[in-house]
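The structure appears below as structure tokens.
Heavy atoms only: backbone and side chains are in, while hydrogens, waters and symmetry mates are out. Because the structure is predicted, anything quoted here is derived from the model rather than measured. The chains referred to below are lettered A, B, ... by the order of the sequence lines, with proteins before strands, and numbering in each begins at 1.
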Amino acid sequence: MTNVRVRFAPSPTGYLHVGGARTALFNWLYARRNGGVFVLRVEDTDAARNTPEAVAAIYSGLKWLGLDWDEGPDCGGPHGPYLQSERQHLYDAALAKLEAKGLTYVEENGAVRFRSPRETVVLPDRICGEVKIDRSKEPDMTIRRPDGSYIFHFVNVVDDIDMRITHVIRGEDHIFNTGKHIELFRALDAEPPEYAHIPLILNDDGSKMSKRDQGAAVGYYVDNGFVPAAVRNYLCLLGWSPKDDREVMALEEIQALFDWEHLNHSNARFDMEKCRWMNGEYVKAQSAEEFARDAEAWLRGSASAVDEEDPRHGVSFRALVRLLTGGEPSEDEATEVLRLKSASPLLANPGSGLLAGVLGLIKPKVRVVPEIAEHLVMQFDPRSPVAMDAQAKVMGQADAGSRLACLAGHFEAMVHWNADHVQEGVAGAAKELGVKVGALMFPLRVAVTGQGHGVDLVPLLALLGKEETVQRLRHRGPLLTA
RNA sequence: GACCUCUUCGUCUAGCGGUUAGGACAUCGCCCUUUCACGGCGAGUGCACGGGUUCGAUUCCCGUAGAGGUCGCCA
């Protein structure tokens, strides 16, 4: 197979669908695997929907996923232009060729139709096998509208011929169109390319993924701070398999194995839980700096998206983000910032390294960046309420009140404050009380954070500082055991 | 409705005539642990159904059912 040339040919609808993204990914993988060329062609024949923003969404989505193209509207190439809206002359020429052969006729209103041979088209599909498409009873397809604009089937084929496309890898929803397309290839004296119709990606309930569904657009993953390589990796696993137990795979590994044999034949449901798990695997592999960069970007963007209904965007959260990132608070946030500062010695004088410290603590706990919001509010807003179940558990313990008071006393007596000193304080209290250190940890956690779960406790206390820790203990301890 | 494709745990998948049907996500349990996690170990749940072919079918063939797709002067 020499000179493999594949293409991704989206129409600009304003967003990049994950199904489309996976189609692009598979085309890209096939090209890269075979030393071929990956062409991006924008099918913007529908003038109403064709906006620069919609085209930009395609570029940014593909780039975010790490896909690059060798020929395309932005970078040009030997078979351009790559915007269908600029290729009218080529379509006119191709139409003239069909007209010359007597293969077209004009409707009363001016629409042009292609005279179908009305035969059964045999499609040798690399994935579906030999598919027979009976075209004998189908009406002639329209190839040009009365206003002179051309129909998808026609421009698609003319472009594939002109751009020397050798393999068409596209969604299975196109399989019937291929009958029409092969007719056109033949009418234009061109050899049809090889076809591979890949199964579709469905929602978790088996329905078709549409724009409205969460996660249907690549933008969703961008906005929610997903790691591009993780989403890409997960997408590869939908309809493709290395045929062994590998799942977390480098792109190079996937590329090296990418061939028809490894492609599935059945539709796959998108499992957001597993996608998030996959993202978590990539987060674990990230450096603290990489994670902090993604997290901070998300925090800044998220704090701008005011939505009081969503606790992630409530005013407390936004104020907290302003404090930590140094962003400019709005009026209501500024008030909240003052409240936070008066409630928290730590936040009253946040050090420059506080955000990095906070994110370092949270990183091991999250699979996807937005999960940091919950941790942020729960652990770093001293006013956050005590979780009922955690409180019940603490109250069930004997002497919880005096133990917490004892802990506070030992902490207060510390001259210096770091993780080792926190350990020392807890150990001292444990010794005095005659209990194991482990018996103190849970009540301590609940008293300080109000939660039964959260980030690693000792480093958290070290980060919070002595004053904040003691204040929370003194304040919340009695409430817990009253 | 017609036509096309598909059918292994809830989900993604391995399996290409003989396997205790493997892995992953999710769920549950245990262990590890100074807390929370991570991690480790383990459990449960699956070959859609009915016929063939065969010494033997998850695997091959034919039906049935189910799911998805397509039937545009959208792409």
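- If you take atom P in B/A37 and the same atom in B/C30, they sit 13 Å apart, rounded to whole Å.
- For the P atom pair drawn from B/C60 and B/C16, the interatomic distance equals 11 Å after rounding to whole Å.
- Between A/Glu138 and A/Arg118 no salt bridge is recorded (no basic side-chain N to carboxylate O distance below 4.0 Å).
- Annotation: side chain of A/Gln84 is not in contact with side chain of A/Val42 (no heavy-atom distance under 4.5 Å).
- Residues A/Tyr150 and A/Cys275 each lie close to RNA chain B; by heavy-atom proximity, the contact nearer the 5' end of the strand is made by A/Cys275.
- Figure legend. B/C55 is base-paired to B/G18; pairs are counted as Watson-Crick or G-U wobble with both atom distances under 3.5 Å.
- When all heavy atoms are compared, the tightest approach of A/Met441 to A/Val426 is SD-CG1, 4.2 Å.
- Here B/G63 sits opposite B/C49 as a Watson-Crick or G-U wobble pair (both hydrogen-bonding atom distances under 3.5 Å).
- Atom CG in A/Leu257 sits about 13 Å away from atom P in B/A14, given to the nearest Å.
- Shown here, B/C38 forms no base pair; nothing in the strands shown gives a Watson-Crick or G-U wobble contact with both key distances under 3.5 Å.
- Taking the C1' atom of each, B/U45 and B/C31 are spaced 24 Å apart, rounded to whole Å.
- The aromatic rings of A/Tyr221 and A/Phe270 lie tilted to each other, with the angle between the two planes from 30° to 60°.
- Nucleotides B/G56 and B/G17 have their C1' atoms positioned 7 Å apart, rounded to a whole Å.
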For each nucleotide in nucleotides 30-47 of chain B, reading 5' to 3', give B when a protein heavy atom comes within less than 4.0 Å of its base, S when such contact involves only the sugar-phosphate, and - otherwise. ----BBBBSS--------
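- Taking atom CG of A/Leu235 as the reference point, atom C1' of B/C25 lies 16 Å away to the nearest angstrom.
- Taking atom CD1 on A/Ile201 and atom P on B/G68, their separation rounds to 16 Å, with Å as the unit.
- Not one N or O on the side chain of A/Asn233 forms a donor-acceptor pair closer than 3.5 Å with the backbone of A/Cys236.
- Using Watson-Crick or G-U wobble geometry with both donor-acceptor distances under 3.5 Å, B/A26 finds no partner in any strand shown.
- In this structure, A/Tyr15 has no ring pair (Phe, Tyr, Trp, His ring centres under 6.0 Å) partners at least two apart in sequence or on a different chain.
- Distance check on atom C1': B/G10 versus B/A67 gives 16 Å, rounded to whole Å.
- Atom NE2 of A/His262 and atom C1' of B/C16 are 13 Å apart (whole Å).
- For A/Thr142, the listed nucleotide lying nearest its side chain is B/C73; candidates were B/G68, B/A75, B/C73.
- Side chain to side chain, A/Thr449 and A/Arg472 fail the donor-acceptor criterion of an N or O pair below 3.5 Å.
- Between the base of B/C73 and the side chain of A/Asn109 there is a donor-acceptor pair shorter than 3.5 Å.
- Note on A/His153: a base of the nucleic acid sits closer than 4.0 angstrom, heavy atoms only.
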N/O contacts under 3.5 Å, protein versus nucleotides 4-11 of chain B?
unit_1 : atom_1 : unit_2   : atom_2 : d
B/U5   : O2'    : A/Glu172 : OE2    : 2.8

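- The partner of B/C32 is absent, by the rule that a Watson-Crick or G-U pair needs both atom distances under 3.5 Å.
- Counting non-hydrogen atoms under 4.0 angstrom, A/Arg367 reaches the backbone sugars and phosphates but no base.
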Indicate every side-chain donor-acceptor pair of residues 17-24 of chain A with a distance under 3.5 Å to a residue at least two apart or in another chain.
unit_1  : atom_1 : unit_2   : atom_2 : d
A/His17 : ND1    : A/Gly19  : N      : 2.8
A/His17 : NE2    : A/Met209 : O      : 3.0
A/Arg22 : NH1    : A/Leu238 : O      : 2.6
A/Arg22 : NH2    : A/Pro199 : O      : 2.2
A/Thr23 : OG1    : A/Gly19  : O      : 3.0

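- The separation of B/A57 from B/G51, taken at their C1' atoms, amounts to 13 Å, rounded to a whole angstrom.
- Computed from coordinates, the A/Tyr282 OH to B/A24 C1' distance equals 14 Å when rounded to whole Å.
- Summarising the geometry, the separation between CG on A/Leu202 and C1' on B/C12 is reported as 13 Å, rounded to the nearest angstrom.
- No close placement of the A/Tyr282 and A/Trp277 rings is indicated, their centers lying 6.0 Å or farther apart.
- Going from the P atom of B/A26 to that of B/C12 covers 16 Å, rounded to whole Å.
- Each of B/C74, B/A26, B/C73 was ranked by its minimum atom distance to the side chain of A/Arg145; first place goes to B/C74.
- In this structure, B/A2 forms a base pair with B/U70, meeting either the Watson-Crick or the G-U wobble geometry with both donor-acceptor distances under 3.5 Å.
- Put simply, A/Arg113 has a side-chain N or O that comes within less than 4.0 Å of OP1 or OP2 on B/C73.
- Here A/Asn264 lies in heavy-atom contact (under 4.0 Å) with sugar-phosphate atoms only.
- When the C1' atom is used for both B/G66 and B/G50, the distance is 15 Å, rounded to whole Å.
- A donor-acceptor pair shorter than 3.5 Å cannot be found between the side chains of A/His174 and A/His197.
- In terms of heavy-atom proximity, A/Leu257 sits nearest to A/Arg246 at CD2-NH2, 3.3 Å.
- For the residue pair A/Ser85 and A/Asp44, a side-chain donor N or O sits within less than 3.5 Å of a side-chain acceptor on the partner.
- You'll find the ring centres of A/Tyr30 and A/Trp260 inside the 6.0 Å limit.
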Side-chain donor-acceptor distances from residues 386-393 of chain A under 3.5 Å, at least two apart:
none

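- For the contact set between residues 238-250 of chain A and RNA chain B, defined by any heavy atom under 4.0 Å, the members are A/Leu238, A/Gly239, A/Ser241, A/Lys243, A/Asp245, A/Glu247.
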